[in-house]
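For reference, the structure is listed below as structure tokens.
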Amino acid sequence: MYGRDWETFLIPYEQAVEELKVKLRALRTELKRKEEYTPIEFVTGRVKKVSSIIEKAKILNIPLDEVEKVPDIAGLRIMCQFVEDMHRVAEHIRNRKDMVVVEERDYVTNRKPSGYRSYHFIVSYPVQTADGELELLAEVQIRTLAMNFWATIEHSLNYKYKGNIPANVRQRLVGAAEASFHLDNEMSQIREEILVAQILFETKSNTVEGILRNLEKLIIAGHVEVASEFHQRFHDTQSEEIEKLVELAKEIELRLQQLLDGSGL
Ligand code: 0O2
Ligand code: 0O2
């Protein structure tokens with residue numbers, strides 16, 4: 001394989017990375033349009049450098065004439081804002097019909113000793129070549145922005161120190177990984193609070209709309225005094241808890257029904 005034509009060997013991998021980037025970015029666009037919120041922040045991809053492929057094959061004890069068994073010659077990376085988004089994206093990957101998941105590695109639950117966190121899929125992906133279909137392996141890594149920030153810096157330091165990061169730096173990187181874990185947790189909690197606040201806001205605005213609609217119906221039906229009494233109570237309740245407002249809305253609804261039934265309207 002050393003004497004082999006690497007350029008030709010890598011053509012289908014380049015094609016796979018380009019195709020997968022298009023497909024995963026399309027998934028991002030689709031989810032953004034449909035749900036006004038996308039679990040995918042951005043997608044990158046690369047074909048491994050020949051020197052790294054040879055190194056990796058050696059580490060994995062893969063003979064060079066079977067180098068296609070190196071699982072991450074084609075690599076895709078999906079970045080998410082929140083850990084919760086990673087699970088949603090992972091489910092999309094599992095459900096796809098254009099690739100088959102052959103392996104999953106959860107380094108989010110089981111952090112590596114270095115501090116590395118990420119979710120990895122090895123997928124088998126068919127590319128159409130001039131010589132027919134070729135099934136090849138690709139690695140899809142799913143990360144939060146915080147995980148990616150840490151991994152990118154750790155990776156470049158590893159490169160700088162050629163894998164021999166001094167013990168004190170390594171220790172600080174483990175600490176930084178812990179900080180990145182806390183950052184992800186904090187962001188998830190803030191997100192949760194925003195979601196709860198949004199739901200509360202929506203419930204309140206729907207309830208207020210309902211009350212105002214029913215007060216109008218009471219006036220149209222000639223029950224001006226009843227409407228006015230309820231309006232005063234609505235005014236007094238507005239600053240109170242949402243439960244009180246919902247109770248008042250139910251009371252108005254009931255009274256309206258009774259009055260409309262009684263008057264035969
Ligand atoms: P190095 O040496 O790692 O920095 P485009 O699709 O045109 O918008 P392009 O040029 O194809 O963009 O690049 P893309 O897809 O935005 O990102 C390529 C870079 O992302 C690579 O940089 C890698 O750093 C990184 N990357 C993306 N996916 C992976 C992956 O699965 N594994 C690894 N190791 N890196 C990944 P370089 O400069 O090619 O390489
Ligand atoms: P590159 O330059 O990113 O392409 P094992 O160690 O046995 O569990 P292995 O073979 O390391 O398994 O595969 P794994 O764990 O699935 O990881 C493959 C890729 O994950 C790596 O590719 C990195 O991109 C990333 N990765 C894994 N561990 C670390 C880490 O500690 N730090 C960082 N920054 N990235 C990591 P490569 O081949 O290292 O290179």
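Note that ligands are numbered from 1 as they come in the structure, with each ligand's atoms numbered from 1 the same way. In what follows, every heavy atom counts, from backbone to side chain, and hydrogens, waters and symmetry copies are set aside.
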For Ser114, the ligand 2 atoms with a heavy-atom partner under 4.0 Å come out as 30 (C), 31 (O)
Any side-chain heavy atom of Ser114 within less than 4.5 Å of one from Leu173? no
Relative to the heavy atoms of Glu154, which atoms of ligand 2 are at a distance of less than 4.0 Å? 30 (C), 32 (N), 33 (C), 34 (N)
Please verify the inter-ring angle class for Phe9 with Tyr13; under 30° counts as parallel, over 60° as perpendicular, anything in between as tilted. tilted
Is the shortest distance from a Lys or Arg side-chain nitrogen in Lys58 or Glu55 to a carboxylate oxygen in the other one below 4.0 Å? no
Per-atom contacts of ligand 2 with Lys56, taking only distances under 4.0 Å to non-hydrogen atoms: 10 (O), 18 (C), 22 (O), 37 (P), 38 (O)
Taking the six-membered ring of Phe181 as reference, does the NZ or CZ atom of Arg117 fall below 6.0 Å from its centre and within a 45° cone about the axis? no
Give the atom numbers and elements of ligand 2 that come within less than 4.0 Å of a heavy atom of Lys48. 1 (P), 4 (O), 37 (P), 38 (O), 40 (O)
Looking at Phe82, is Arg191 sitting on its ring face, NZ or CZ under 6.0 Å from the six-membered ring centre and within 45 degrees of the normal? yes
Applying ring pair (Phe, Tyr, Trp, His ring centres under 6.0 Å), can you list everything that pairs with Phe234, at least two apart in sequence or on another chain? none
Using distance alone, determine whether His120 and ligand 2 share an N or O pair under 3.5 Å. yes
Ligand 2-proximal atoms of Ile59, by part, heavy-atom distance under 4.0 Å: neither
Short version for Lys112: what comes under 4.0 Å of ligand 2, heavy atoms counted, is side chain
Kindly determine whether Asn206 and Glu202 satisfy side-chain hydrogen bond (donor to acceptor under 3.5 Å, both in side chains), including the steps that lead there. CA-CA 6 Å; Asn206 289 341; Glu202 215 145 287; 5.5 Å; no
Would you check the N or O atoms of Arg143, main chain and side chain alike, for any that come under 3.5 Å of an N or O of ligand 2? no
Within a distance under 4.0 Å of any heavy atom of Ala151, pick out the atoms of ligand 2 and give their elements. 34 (N)
Would you say Glu104 and Arg94 make side-chain contact, with heavy atoms under 4.5 Å? yes
Please state whether Arg77 comes within less than 4.0 angstrom of ligand 2, counting heavy atoms only. yes
Looking only at heavy atoms, is any part of Arg46 under 4.0 Å from ligand 2, and if so is it the side chain, the backbone, or both, or is it neither? side chain
Relative to the heavy atoms of Gln141, which atoms of ligand 2 are at a distance of less than 4.0 Å? 19 (C), 20 (O), 23 (C), 24 (O), 25 (C)
